[in-house]
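Note that the structure is a prediction, hence the values are computed from the model and not measured. In each ligand, atom 1 is the first atom listed, and ligand 1 is the first ligand listed.
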Amino acid sequence: MSADLRPHLKGALRPNFQWGYATAAAQTEGAWNIDGKGESIWDKLGHTPGKIKDSSTADDAVRSYDLYKEDVALMKSYGARAYRFSLAWSRVIPLGGKDDPINPQGIQYYNNLINELLANGITPFVTLFHWDIPQALEDRYGGMLNLEKYMPDFLRYARVCFEAFGDRVKRWITYNEPGVYSLAGYAAGVHAPGRSSNRELNEEGDSSTEPFIVSHTEIVSHAHCVKMYREEFKPTQKGTIMITLHGNYSEPWDANDPLDVEAAERAREFEIAWFADPIYKTGDYPASMRAQLGDRLPRFTEEESKLVLGSSDFYGMNSYTTFYVKHRTTPPELTDHLGNVEKLDTNSKGESRGPESDTYWLRTCPWGHRKLLNWIWRRYHVPIFMTENGTTAKGEHVPPPPTEEVLHDTHRIEFFNGYLNALATAVKEDGVDIRSYFVWTFTDNWEWAAGYTDRFGVTWIDFDSPEKKRYPKRSATVVRELFEHLIAKE
Ligand code: BGC
């Protein structure tokens with residue numbers, strides 16, 4: 001299996017198109033309590049029995065904290081122009097709070113990483129928050145459930161990062177997927193901090209209110225953070241700042257049934273417009289959400305609404321798959337977050353949404369990706385930075401060393417062939433403005449509550465070896481070849 005280079009798409013992407021790999025601190029760094037790092041909510045969850053599928057922890061993860069130089073060299077050999085990574089808040093400020101001490105070794109580590117990237121011609125895209133809030137803030141006041149207490153702590157953390165790294169980092173992302181953080185952590189209760197209405201799973205929480213409260217905190221604190229950056233740092237540092245949202249595509253189960261067509265749009269609004277409408281369109285939540293959720297959905301004050309609207313320079317987008325969506329005939333349950341719909345693998349004609357990966361929710365669906373990009377562009381008209389996209393593949397859990405067959409990762413190659421050609425088609429034929437693409441992910445890593453059981457990397461990791469030995473998969477080369485073809489020469 002090789003790169004599917006389509007002649008008519010040659011040069012479809014702008015010469016300065018940014019592409020590379022995305023990772024998150026908690027999933028890769030390891031060194032969870034080394035060099036002054038404080039505990040995060042994911043350290044805590046990982047050390048709680050019964051919470052992680054393979055009972056693993058991210059104590060060492062893939063040791064990118066120790067191996068960053070080797071990793072930058074490998075990334076360079078993959079042809080990457082950019083690298084999106086996140087900062088561990090509790091490495092920078094171990095206890096997290098506005099009056100808590102800064103950890104100089106944490107600052108030093110990220111300085112080293114940033115300098116290494118720049119020395120190798122790789123542009124850093126830095127995410128401030130990829131789900132790992134310091135545990136101390138959770139203990140002190142319930143983290144993001146408490147906007148008033150949380151905001152000054154988050155703003156001070158952001159300020160420390162802008163001051164320390166902003167001379168070299170020009171691409172900032174405030175939050176990664178605020179919706180997944182709140183839904184998985186406060187509705188399903190399977191991610192940290194592990195709260196929900198399900199008392200068999202979680203001691204505390206309320207799935208009918210907390211996800212909306214936490215998301216509101218994320219949106220409002222994002223907006224304040226951007227205001228601070230624009231007023232105090234941008235004039236001299238001249239960077240850009242955005243938020244990264246998640247969103248899969250929703251396609252009607254029966255395209256001829258107006259109720260399914262409506263349900264699919266409602267599903268897109270509950271998943272995507274929940275964040276994107278306030279930030280890019282109206283300064284408020286979608287009407288469909290207000291209609292179903294009433295006062296359980298917080299309200300923006302007039303001042304907040306003004307601040308939130310226009311608070312992201314670009315549209316940061318993570319997306320993986322597509323679902324068929326069917327309307328429901330019963331009233332929505334109190335714990336519903338999807339817009340009272342069913343999400344299915346096949347449509348009314350029995351057609352599948354795509355080939356299975358090694359992850360239950362993820363299937364390859366390039367046509368859905370093109371539709372998603374068009375939907376976003378038509379609704380918001382803001383240039384899109386794809387900040388995550390990728391897949392797992394069955395059969396990669398083999399004892400080391402991995403076989404030729406495992407390293408020739410056909411399923412993943414087909415995924416990238418499909419999605420990158422869909423993206424280039426959206427640019428060339430549909431006129432969608434897309435400026436970046438980050439593969440999820442660089443190496444196999446700690447996939448949150450799934451532990452090490454989901455291998456998303458273009459690099460196979462021997463998790464049993466002390467040095468977490470890296471083996472490039474064939475997809476890394478294919479991605480490079482695809483971009484060499486798709487990006488126009490200067
Ligand atoms: C997250 C990543 C995660 C990936 C695959 C995204 O939701 O940002 O941290 O590993 O999806 O599940």
Side-chain angles (χ1 to χ4, degrees), residues 20-30 40-43 45-46 52-54 56 58 61-62 64 83-89 125-133 173-188 190-192 211 215 218 222 242-249 271-272 274-275 315-323 337 356-365 369 372 385-393 396 411-412 415-416 419 436-459 461 463 475:
Y21 292 89
T23 64
Q27 296 179 272
T28 56
E29 284 182 359
S40 79
I41 56 171
W42 275 99
D43 295 322
L45 196 81
I52 308 297
K53 193 168 164 190
D54 56 3
S56 65
V62 293
S64 63
Y83 178 43
R84 171 178 175 243
F85 62 95
S86 78
L87 309 175
W89 183 343
F125 278 63
V126 178
T127 308
L128 292 172
F129 183 81
H130 199 130
W131 304 353
D132 49 352
I133 185 173
I173 295 165
T174 53
Y175 285 95
N176 175 74
E177 299 188 350
V180 175
Y181 181 70
S182 57
L183 290 176
Y186 294 82
V190 292
H191 275 196
S215 291
E218 292 177 287
H222 149 82
M242 64 180 175
I243 189 165
T244 274
L245 306 180
H246 81 285
N248 295 317
Y249 193 66
E271 184 174 0
I272 302 173
W274 177 11
F275 300 90
Y315 194 111
M317 188 71 205
N318 294 352
S319 185
Y320 289 83
T321 197
T322 292
F323 289 93
H337 305 94
E356 290 176 20
S357 66
D358 201 28
T359 301
Y360 69 96
W361 52 265
L362 207 179
R363 294 196 184 194
T364 307
C365 186
H369 193 60
L372 172 80
F385 278 67
M386 281 298 304
T387 38
E388 271 181 39
N389 180 236
T391 188
T392 53
E396 293 193 350
H411 176 80
R412 189 174 289 101
F415 181 96
F416 288 129
Y419 278 67
S436 84
Y437 180 94
F438 289 88
V439 171
W440 189 270
T441 178
F442 177 52
T443 67
D444 297 336
N445 65 28
W446 196 66
E447 175 59 19
W448 308 109
Y452 298 106
T453 66
D454 272 17
R455 291 178 178 268
F456 269 92
V458 300
T459 313
I461 295 283
F463 289 110
S475 54

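By the 30° and 60° cut-offs, the orientation of the rings of H246 relative to F275 is perpendicular.
In this structure, the side chain of T391 does not engage the main chain of R412 through any donor-acceptor pair within 3.5 Å.
Salt-bridge check for R84 with E388: passed, with a basic side-chain N closer than 4.0 Å to an acidic carboxylate O.
The six-membered or imidazole ring of Y419 lies away from that of Y437, with a centre-to-centre distance of 6.0 Å or more.
None of N389, N248, N176 except one satisfies the side-chain hydrogen bond (donor to acceptor under 3.5 Å, both in side chains) rule with N318; the exception is N176.
Using modelled atom types and a 3.5 Å distance limit, the side chains of N445 and T28 yield no donor-acceptor pair.
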Below 3.5 Å only, please: the N or O atoms of ligand 1 paired with protein N or O atoms, distance on each line.
residue: ligand 1; atom: 7 (O); partner: E177; partner atom: OE1; Å: 2.5
residue: ligand 1; atom: 7 (O); partner: E177; partner atom: OE2; Å: 3.0
residue: ligand 1; atom: 8 (O); partner: H130; partner atom: NE2; Å: 3.2
residue: ligand 1; atom: 8 (O); partner: N176; partner atom: ND2; Å: 3.0
residue: ligand 1; atom: 8 (O); partner: E388; partner atom: OE1; Å: 3.0
residue: ligand 1; atom: 8 (O); partner: E388; partner atom: OE2; Å: 2.9
residue: ligand 1; atom: 9 (O); partner: Q27; partner atom: OE1; Å: 2.8
residue: ligand 1; atom: 9 (O); partner: H130; partner atom: NE2; Å: 2.9
residue: ligand 1; atom: 9 (O); partner: W448; partner atom: NE1; Å: 2.9
residue: ligand 1; atom: 10 (O); partner: Q27; partner atom: NE2; Å: 3.0
residue: ligand 1; atom: 10 (O); partner: W440; partner atom: NE1; Å: 3.2
residue: ligand 1; atom: 10 (O); partner: E447; partner atom: OE1; Å: 2.6
residue: ligand 1; atom: 11 (O); partner: Y320; partner atom: OH; Å: 3.4
residue: ligand 1; atom: 12 (O); partner: E447; partner atom: OE2; Å: 2.6

